[in-house]
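For reference, the structure discussed in these notes is given below.
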Amino acid sequence: MATAIVGIIGGSGVYDLPGLTNVRRERVTTPWGEPSDELTFGEIGATQAVFLPRHGRGHRLSPSGINYRANIDALKRVGVTDLVSVSACGSFRSELFPGLFVLVDQFVDRTFSRQSSFFGNGCVAHVSMAHPVAPKLVARIAEAAKAEKVQHVVGGTYVCMEGPQFSSYAESLTYKGAGYDVIGMTAMPEVKLAREAEISYATVAMVTDFDCWHPDHDNVDVAAVIEIVRRNSATVARLLARLLADFPGEHEPCPIGSDRALDNAILTAPDARDPELLARLDAVMGRVKGKGFL
Ligand SMILES: CSC[C@H]1O[C@H](OP(=O)(O)O)[C@H](O)[C@@H]1O
Ligand SMILES: Nc1ncnc2[nH]cnc12
């Protein structure tokens, strides 16, 4: 059994994690390049936490310019077992209103300009993305939200667009018509990479706007998003603090195997693997090094 270490990735407007004790910051280097910022290590209650602001402090990085592989590799490298991502998002449903937290359970990837896998020529792997989030982690976030009386819904589909421009009216209507619930620019490839790195993952999507489809609401802009994020920043901090305070000391095995995702995924025979790629995969593939089907 592994000690549970909870990673938190902060999104737009969330550049630190209040309430941490024994705080220490460290720049972690990875074979995939530079993570978005230094990692912040600390504790809440007895739980070890590691925080990373996805866009970097000062919001330097655009959604397409984030090095998602470096971020996930860095978190894996320091032992993160469970990862909670916080994201601002637009809503395609009147009942999903600004300020509400959606614990999404499905994703649609509409990005086209990002490195979305650790694997490739020299070490081919195909992980399952049928159920992208870790149910026990989602249940713990929902419990924390209930305990803190934070308005939330469990379940929903997040469509990830490339950006950085927001959607056109026609695109917004298309996503709404397709039955998607919320939209953002950053969950992909974060979710896929967390799965490849065998980290249990969940997204807390904070609704900030109605994108541009709603006849009674203004079209989304940055000012509106940041206004809602600022208004809810204390709520995010309270939710995460409760989650961490109540988190079990040992990582709970994931019922859908998100923490063992590589067991049935790697195709390239051990003696056909590219040593250079294997060296870069030292953290991601650490648990299954040398194993395979062929
Ligand atoms: C600030 S508006 C658009 C920006 O906000 C969301 O960021 P994050 O998911 O990191 O909270 C969205 O995905 C865009 O990056
Ligand atoms: N409407 C929207 N579209 C894409 N990303 C967002 N982040 C917050 N609101 C958004």
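In listed order, ligands and their atoms are each counted from 1.
Counting atoms of ligand 1 from 1 in the listed order, those under 4.0 Å from a heavy atom of Ser87 are 9 (O), 11 (O). Per-residue contacts place Gly184 under 4.0 angstrom from the following atoms of ligand 2 (heavy atoms of the residue considered): 4 (C), 5 (N). Proximity to Arg54 (heavy-atom distance under 4.0 Å) selects the following atoms of ligand 1: 8 (P), 9 (O), 10 (O), 11 (O). Taking every heavy atom of Phe166 and a limit of under 4.0 angstrom, the matching atoms of ligand 2 come to 2 (C), 3 (N), 4 (C), 6 (C), 10 (C). Set against the non-hydrogen atoms of Val225, the atoms of ligand 1 under 4.0 Å away are 1 (C), 2 (S). The Ala88 neighbourhood of ligand 1 comprises atoms 6 (C), 8 (P), 9 (O), 11 (O), with distances under 4.0 Å to a heavy atom of that residue. Taking every non-hydrogen atom of Pro63 and a distance limit under 4.0 Å, the qualifying atoms of ligand 1 come out as 15 (O). Residue His55 approaches ligand 1 through these ligand atoms, each under 4.0 Å from one of its heavy atoms: 7 (O), 8 (P), 10 (O), 15 (O). Under a 4.0 Å criterion applied to the non-hydrogen atoms of Gly184, ligand 1 contributes the atoms 13 (O).
Heavy-atom minimum distance, Arg280 versus Asp73: O-OD2, 4.1 Å. In terms of heavy-atom proximity, Thr203 sits nearest to Phe107 at OG1-CZ, 3.5 Å.
Distances between N or O atoms of Val220 and those of ligand 2 include no value under 3.5 Å. Checked by distance only, ligand 1 and Thr186 come closer than 3.5 Å through their nitrogen or oxygen atoms.
A centroid separation of less than 6.0 Å is found between the aromatic rings of Phe210 and His217. The distance between the ring centers of Tyr68 and Trp32 does not fall below 6.0 angstrom.
The shortest contact between atom 10 (C) of ligand 2 and any protein heavy atom is with Gly90 N, 3.5 Å. Looking only at protein heavy atoms, the nearest one to atom 7 (N) of ligand 2 is Ala88 O, 3.5 Å. Scanning the protein for heavy atoms near atom 9 (N) of ligand 2, the closest one is Asp209 OD2, 2.6 Å. For atom 7 (O) of ligand 1, the nearest protein heavy atom (residue, atom name, distance) is Ser12 OG, 2.8 Å. Atom 2 (S) of ligand 1 has its closest protein heavy atom at Phe166 CZ, 3.7 Å.
Residues Val14 and Arg54 fail the side-chain proximity criterion, which asks for heavy atoms closer than 4.5 Å. Under the 4.5 Å side-chain criterion, counting only non-hydrogen atoms from C-beta, Ser87 is not in contact with Val204.
We find that Arg24 and Glu26 are joined by a salt bridge, their nearest charged nitrogen and carboxylate oxygen being less than 4.0 Å apart. In this structure, Arg287 pairs ionically with Glu198, as a charged nitrogen and a carboxylate oxygen lie closer than 4.0 Å.
When the heavy atoms of Asp221, Ile228, Asp211 are ranked by distance to atom 1 (N) of ligand 2, first place goes to Asp211. Of all the listed residues (Glu190, Met185, Gln165), Met185 holds the heavy atom that lies closest to atom 14 (C) of ligand 1.
For Thr81 (side chain) and Ile5 (main-chain N/O), a donor-acceptor pair under 3.5 Å exists by modelled atom type. Panel note: side chain Arg238, backbone Glu148; a donor-acceptor pair is recorded below 3.5 Å.
Residues passing the side-chain hydrogen bond (donor to acceptor under 3.5 Å, both in side chains) test with Thr30, sequence neighbours excluded: none.
Contact annotation: for Ser167 versus ligand 2, there are no heavy atoms closer than 4.0 Å. Here Thr208 has side-chain heavy atoms under 4.0 Å from ligand 2, and that is the only part of it that gets that close.
A cation-pi arrangement is absent between Arg57 and Tyr15 under the rule of less than 6.0 angstrom and at most 45 degrees off the ring axis.
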